[in-house]
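None of the values given here were measured: they were computed from a predicted structure.
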Amino acid sequence: MDSDLPSPPRRPRVVHVPPLRIPRAVGLALLIPLAALLVGAYVWFVQRVEVGPNEVLVLVRKWGARLPSSAEGQVVLYPSLLKEIGEGARPAGIVYEPLTEGRHFCDPLFWERITVPVTLIAQDEVGIKVRRYGRPLAAGKIVATEPDERGPLPDVLKPGRYAINTLAYDVKRFRPIFVPAGHVGVRTLLWGETNAQPNEFLAAAGQRGTQSDVVVPGMYYVNPYVEQIDVIDVRSHTLDLREADSIRFPSNDSFEILVEATIEYAIREDRAAYVMVAIGDHDEIKDRIILPYAQSFSRIEGSKLSARDFIAGETRTAFQKRVFDQLREQCFEQGIEIRAALIRRIVPPPEIADPISDRQIADQQIRQYEQEIKVAESEAQLVKEQELQKQKQAIGVANKAVVATVKEAEQAKSVALTAARQKLEVAKLGLQAATETAAALLSRGEAEADVVRLGFEAEAIPLRQAVAAFGDGETYARFHFYQQLAPAVRSVLASTDGPFAEIFKQLNGSTPTTADGASGGAATPRVAESPKTPAKGAQP
């Protein structure tokens, strides 16, 4: 029964493992790189700010000292404010100077980092910085000239790229002033010293008001808060005095005379500022200056003449000259230059004009014919001068052609002479080289011939001495023949007759004779002995 009961569960065995203990030195050695790694990661991934090429970084200090009561409400920490509260103070607010492009490290716990684009001023723009911080401007002041004043600055931003803290400044854009050709610019200072003579039309140089000097045509980048430039047209303008603007006045004999005229005028450049301020634009110049003066002087001079005097051409010319001389003088003082004036039409009363008109017409026709004759003579003279000019031009062209041909020939001659001289020098050098080469070849041939001759002479001297030793050449040749033949002959068996025996007979010194005078006899075979070689120096 006990075996059927379940056995009690086993209790787990507990093994006590001692804790791992890392030596303190090892722990410190591992902790320092880990801490450096964490600090580097924090600096690189948290504090790092990359500012692009067209951006600036504006920093805002989150924590810092409180601003004094005199500076409360200011959020931009501009230099004069920091100087006022002390150099060592670190108040919270916007840092005045922005950071330009590049890599910067700023802790976001202490700094708010704001990236703004750079300020770009286009070619057809002028920028004006408007300060957003500082104390308000005083009454009557329109620009901020002090470092702690709020408002537009007097300086201008010309076309370009500027790193501006847009939390501290607004940038307003205006068009530059362009003064075209035929115009001048009249400068009016909106800010500056107070005009010492406020009742004058023009202000002194540097004082507030319209300046007497003008600017020439060109592009001007001006601050519209400080200076204004008005463009004035100083080109010639034509004014027609006719119909409603025609001049009417009574003559000396109480007849009404009507005069129509054309006047060309222009504003003087040196008086353009005065004209703009004292007179006005071109319509006002016409209504206030030219037309009143022309009517006044015409009445004064016309009242001195009778009605019939205005029909004759000489009288009308004299009247025109007197009127417009006075008009030119008076307008010049007002800054208006009368460049030309012409009376186009004078209408006398009909009751006196008709009787005189026929005679005047006849006189005018006579003058017209005389004038036509003069014109014809002038045209003939002109044609003559033109033909003479053409002839002179033709002669000049021919002379130029001759000069050009001579120049070309001289140049060709110079080139040919230069080429010939070059060839001559080359030929001289070739001749000298050939002469030297021939001399070298001749010297070498003579040397080789001398070598060959000396070699033959060296071979011939022993032979001549040997021949002299044997008496003659035939003996010396026989000696050599025998000397070469003897060693090879041991015995000879032959008939005593015949050509071959003759050789041996000569060796023995006996010569057989025949019936015809030669040695004869029976052919007896003989044994020829080898001749003995004579002693050295002995003759055979």
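- Ring-plane geometry between Tyr78 and Tyr133 is classed as parallel, the angle between the planes falling under 30 degrees on a 0 to 90 degree scale with a further cut at 60.
- Between Val126 and Pro176, the closest heavy-atom pair is CG1-N, 4.2 Å.
- A salt bridge links Arg328 and Asp325; the closest N-O separation between the charged side-chain nitrogens and carboxylate oxygens is under 4.0 Å.
- Of the inter-residue distances, the one linking Thr188 atom OG1 with Gln211 atom CD reads 8.0 Å to the nearest 0.5 angstrom.
- Between Thr262 atom OG1 and Leu241 atom CG the span is 7.5 Å, to the nearest 0.5 Å.
- Ser298 places a side-chain N or O within donor-acceptor distance of the main-chain N or O of Ala294, the cut-off being under 3.5 Å.
- Counting heavy atoms from C-beta on, the side chains of Glu227 and Tyr220 never come closer than 4.5 Å.
- A salt bridge links Arg345 with Glu260: the closest approach of a Lys/Arg side-chain nitrogen to an acidic carboxylate oxygen falls below 4.0 angstrom.
- Here the side chain of Ser414 pairs no donor or acceptor atom with the backbone of Glu410 at under 3.5 angstrom.
- No donor-acceptor contact under 3.5 angstrom links the side chains of Thr115 and Glu55, judged on distance only.
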Item to complete: Report the C-alpha separation of Leu77 and Arg61 in whole Å, then their side-chain angles, then the decisive distance to 0.1 Å, and conclude whether the side-chain contact (heavy atoms from CB on, under 4.5 Å) test is met.
Response: CA-CA 10 Å; Leu77 305 177; Arg61 186 182 286 115; 3.4 Å; yes
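- More than 12 heavy atoms of other residues, nucleotides or ligands shown are found within 6.0 angstrom of CD on Gln207.
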Item to complete: Please lay out, stage by stage, how Leu153 and Tyr169 fare under the test side-chain contact (heavy atoms from CB on, under 4.5 Å).
Response: CA-CA 10 Å; Leu153 302 184; Tyr169 292 94; 3.9 Å; yes
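- Using the six-membered ring where Trp is involved, Phe174 and Tyr225 have ring planes that are perpendicular, over 60° apart on the 30 and 60° scheme.
- Closest approach of Phe324 to Ile343, counting heavy atoms only: CE1-CG1, 3.7 Å.
- Using a 4.0 Å cut-off between charged side-chain N and carboxylate O, Glu301 and Lys304 make a salt bridge.
- In plain terms, the two heavy atoms of Thr100 and Ala163 that are nearest each other are CG2-CB, 4.2 Å.
- Across all their heavy atoms, Leu327 and Ile290 have their closest contact at CD1-O, 4.0 Å.
- Side-chain contact between Gln295 and Leu291: present, with at least one pair of heavy atoms (C-beta onward) separated by less than 4.5 Å.
- Within the 3.5 Å criterion, the main-chain N or O of Val156 finds no donor-acceptor partner in the side chain of Asn223.
- Minimum heavy-atom separation, Ile279 to Glu284: O-OE1, 3.0 Å.
- Taking the charged nitrogens against the carboxylate oxygens, Lys129 and Asp155 have no contact shorter than 4.0 Å, which rules out a salt bridge.
- With salt bridges taken as basic N to acidic carboxylate O contacts below 4.0 Å, one links Glu149 and Arg135.
- Taken to the nearest 0.5 Å, the CZ atom of Arg271 stands 9.0 Å off from the CD atom of Glu333.
- Side-chain contact between Val186 and Ile229 is absent, with no heavy atoms from C-beta onward closer than 4.5 Å.
- Side chain of Arg150 to main chain of Arg131: no donor-acceptor pair is present (N/O by atom type, distance under 3.5 Å, no hydrogens or angles).
- Remark: the backbone N or O of Val95 is paired with a side-chain donor or acceptor of Asn165 at under 3.5 angstrom.
- Using a 4.5 Å cut-off on side-chain heavy atoms (C-beta onward), Ile94 and Val60 make contact.
- The only option from Ile128, Thr119, Asp124 that meets the side chain to side chain contact (heavy atoms under 4.5 Å, CB included) definition with Arg173 turns out to be Thr119.
- Looking at Trp191 and Lys141, their side chains come closer than 4.5 Å, going by heavy atoms from C-beta outward.
- By the neighbour-count criterion of 12 heavy atoms within 6.0 Å, atom CZ of Phe332 is sparsely surrounded, having that number or fewer from other residues, nucleotides or ligands.
- Remark: Leu99 CG to His104 NE2 distance equals 4.5 Å, nearest 0.5 Å.
- Distance alone, capped at 3.5 Å, places no donor-acceptor pair between the Asp240 side chain and the Arg242 backbone.
- The 12-atom threshold is not exceeded at NZ of Lys321, counting heavy atoms of other residues, nucleotides or ligands nearer than 6.0 Å.
- Leu137 has its side chain out of reach of Ile142: every pair of non-hydrogen atoms, C-beta onward, lies at least 4.5 Å apart.
- More than 12 heavy-atom neighbours from other residues, nucleotides or ligands sit within 6.0 angstrom of CZ on Phe105.
- Between Ala272 and Val214, the closest heavy-atom pair is CB-CG1, 4.2 Å.
- Side-chain atoms of Arg113 do not come within 3.5 Å of backbone N or O of Val49 as any donor-acceptor pair.
- Contact annotation: the side chain of Pro152 approaches that of Val130 to within less than 4.5 Å [non-hydrogen atoms, C-beta and beyond].
- Rounding to the nearest 0.5 Å places CD1 of Ile285 at 9.5 Å from SG of Cys331.
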Practice prompt. Test Asn252 against Leu305 for side-chain contact (heavy atoms from CB on, under 4.5 Å), laying out the working first.
Written response: CA-CA 5 Å; Asn252 190 20; Leu305 303 174; 5.8 Å; no
Discussion item. With side-chain contact (heavy atoms from CB on, under 4.5 Å) as the criterion, how do Tyr293 and Ile289 come out once you've worked through the C-alpha distance, each side chain's angles and the decisive distance to 0.1 Å?
Written reply: CA-CA 6 Å; Tyr293 279 151; Ile289 301 295; 3.9 Å; yes
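- Glu385 has its side chain within reach of Gln381: a pair of non-hydrogen atoms, C-beta onward, lies under 4.5 Å apart.
- Heavy atoms of other residues, nucleotides or ligands lying less than 6.0 angstrom from NZ of Lys158 number 12 at most.
- Here the straight-line distance linking atom CD of Glu125 with atom CG of Leu120 works out to 9.5 Å at 0.5 Å rounding.
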